[in-house]
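Input: a single structure, listed below in structure tokens.
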There are 2 protein chains.
Amino acid sequence: MNALANGWFSEIQNELWPGQCFSLKVKNILHQEKSKYQNIQIFETETYGTCLALDGIIQCTLRDEFSYQEMISFLPLCSHPNPEKVLIVGGGDGGVAREVVKHPNVKEVHQVEIDERVVELSKTFLPEMASGFKSPKMKLIIGDGFDFMKTHKNEFDVIITDSSDPVGPAVSLFNESYFDLMKTSLRDGGIICSQGGSFWLDCTHVKKIVAGCQKHFPNVSFAVTSIPSYPCGHIGFVIGSLNRNTDLRKPAKIFSSETIDEIGLKYYSSEIHTAAFALPRWVQKQLFE
Amino acid sequence: MNALANGWFSEIQNELWPGQCFSLKVKNILHQEKSKYQNIQIFETETYGTCLALDGIIQCTLRDEFSYQEMISFLPLCSHPNPEKVLIVGGGDGGVAREVVKHPNVKEVHQVEIDERVVELSKTFLPEMASGFKSPKMKLIIGDGFDFMKTHKNEFDVIITDSSDPVGPAVSLFNESYFDLMKTSLRDGGIICSQGGSFWLDCTHVKKIVAGCQKHFPNVSFAVTSIPSYPCGHIGFVIGSLNRNTDLRKPAKIFSSETIDEIGLKYYSSEIHTAAFALPRWVQKQLFE
């Protein structure tokens, strides 16, 4: 844990982002421990609010987390005509749950998180995020997403995978077989959305995830959102729909600005939804042409 | 220049991005000097190619510079029905010039850069960027953009201000009076585009620039592009048109994918043009509602 030195937290060097490093000035270390699955660090930063890091990688800061949580939730939810039953895999901090339950059509949310300690520590140190767990729509299961889906077939309208990066415990959530498994847990017309990395970091890696999804879903797109505390300042989402006729760029559910404000979204809007799918020319070519 | 230490270049700490820091691993320092206006550093990085820093702030890296250069050029150029005569203020590395001359309607480009050393060093160390200066369409003037515009009235279709950040020599390029001056140098229906900071860093600062532009232009928008080596991984553009009926989000000139590839654009496309203007809900509210 020597990434916390001289009053700064510097993200760990690894093969995912060689030669670059993002650092945040730390005001106060709130908690550090090694859980069964990973190193957990929670600290208060000077200018980004509370920050959660797993295995030396920033998972969220209070300053910008809403961009990621809203987009990974509302891109698939609003691409579905009636997302009543939702599964979240991962997302132990509670941020995705907090967003998913805001959607007026959502009736029931199951969430499977492998590391109980992330949930518990978020309830203590990140109550703004863990608030999602309190919703009566929520059912939280501590366990393995793979095992859960193997026994829950044909059940969900939307599956959101809020994983850490493809090193450590989350590596299997980027494999092709994982997309196959999700497909069997979806109802007809179901939609999945997974964290999909950065095309600036490694477009070949993104293409591999997209191709894995394309093997099992007839309709696959890639979208991005801007988020300063993630490597390269953005993050992508792989979105797959079982409905081949859906244009994922066009929300099936369009919220007015008033509704957006009312349900408490700060980042997402129908305009942002469409824009998120517009990829730089070189990325569009590499991923889809 | 102690930002270059232990084989890493860390961007200087300042009031523009307190509490955060982006660093690049350095392979080789190519050149360092203090010009009449600023500290100039050029180095080869491990994974971002050659990098130019002015006063400790990254101006461009070869890995991602095309995002910024293409977008600050083609957003205004493609919003104009016939951008024949263009003025570039700043842009001493040549990257914007390289992009502007690619537009088939552009006949003549004047560029006014204050620091001759940036131009000369870019020709030596960043030939991929300085290549723009070689175009027969180009006329490079070493001098002050303010002085130049005071004697060039009613002359340009598009004015692009490719400045460094609002600390040091570029600070006046963000003032309201600068927008007034640009207006007088434009022909009827002219369009300006200026580097406009980051809404993640300081939305109040962005709003101030937008408001300064709105005082003199009837039609003002704000757009963004993704660029990992700039603070927060993105940068904004303030775009003002003298034509109040133009919808800046819809390109007046639409290039097919074939043309985009042919003229050598890697980032810009008509879809990216429109998407660049979609702002997160909270930013849209703060800037325009």
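Lettering of chains follows the sequences in order, A, B, ..., and the numbering in each one begins at 1. As a basis for the values below, the full set of heavy atoms in this structure was taken, side chains included, without hydrogen atoms, waters or symmetry mates.
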Report, in residue-number order, which members of [range] are under 4.5 Å from chain B by heavy-atom distance.
range                       : answer
residues 252-263 of chain A : A/Ser257, A/Ile260, A/Asp261
residues 61-69 of chain A   : A/Arg63, A/Asp64, A/Phe66, A/Ser67
residues 272-283 of chain A : A/Ile272, A/Ala275, A/Phe277, A/Ala278, A/Leu279, A/Pro280, A/Arg281, A/Trp282

Q: Begin from the C-alpha positions of B/Phe22 and A/Cys21 and carry the test side chain to side chain contact (heavy atoms under 4.5 Å, CB included) through to its verdict.
A: CA-CA 6 Å; B/Phe22 182 68; A/Cys21 184; over 6 Å; no
Q) When heavy-atom pairs shorter than 4.5 Å are enumerated against chain B, which of A/Glu271, A/Gln13, A/Lys25, A/Gln20 gives the highest number? A) A/Gln20
**Q.** Between A/Tyr230, A/Tyr48, A/Tyr268, the one whose heavy-atom pairs under 4.5 Å with chain B are most numerous
**A.** A/Tyr48
Q. Tell me, do B/Lys266 and A/Lys285 make a side-chain contact under 4.5 Å, heavy atoms counted?
A. no
(Q) Check this for me: A/Asn28, atom CG, are more than 12 non-hydrogen atoms of other residues, nucleotides or ligands nearer than 6.0 Å? (A) yes
Q. More than 12 non-hydrogen atoms from neighbouring residues, nucleotides or ligands closer than 6.0 Å to NZ on B/Lys208, yes or no?
A. no
Q: Supply the atom-to-atom distance B/Ile227 CD1 to A/Trp200 CH2, rounded to the nearest 0.5 angstrom.
A: 6.5 Å
Q | Toward chain B, the part of A/Ser226 with a non-hydrogen atom under 4.5 Å | A | both
Q) With a 4.5 angstrom heavy-atom cut-off, which part of A/Glu70 approaches chain B: side chain, backbone, both or neither? A) neither
**Q.** Minimum heavy-atom distance B/Gly19-A/Glu46, with the two atoms named
**A.** CA-CB, 4.5 Å
Q: Taking salt bridge (charged side-chain N to carboxylate O under 4.0 Å, His left out) as the test, write out the residues that go with B/Glu99, two or more places apart.
A: B/Lys102
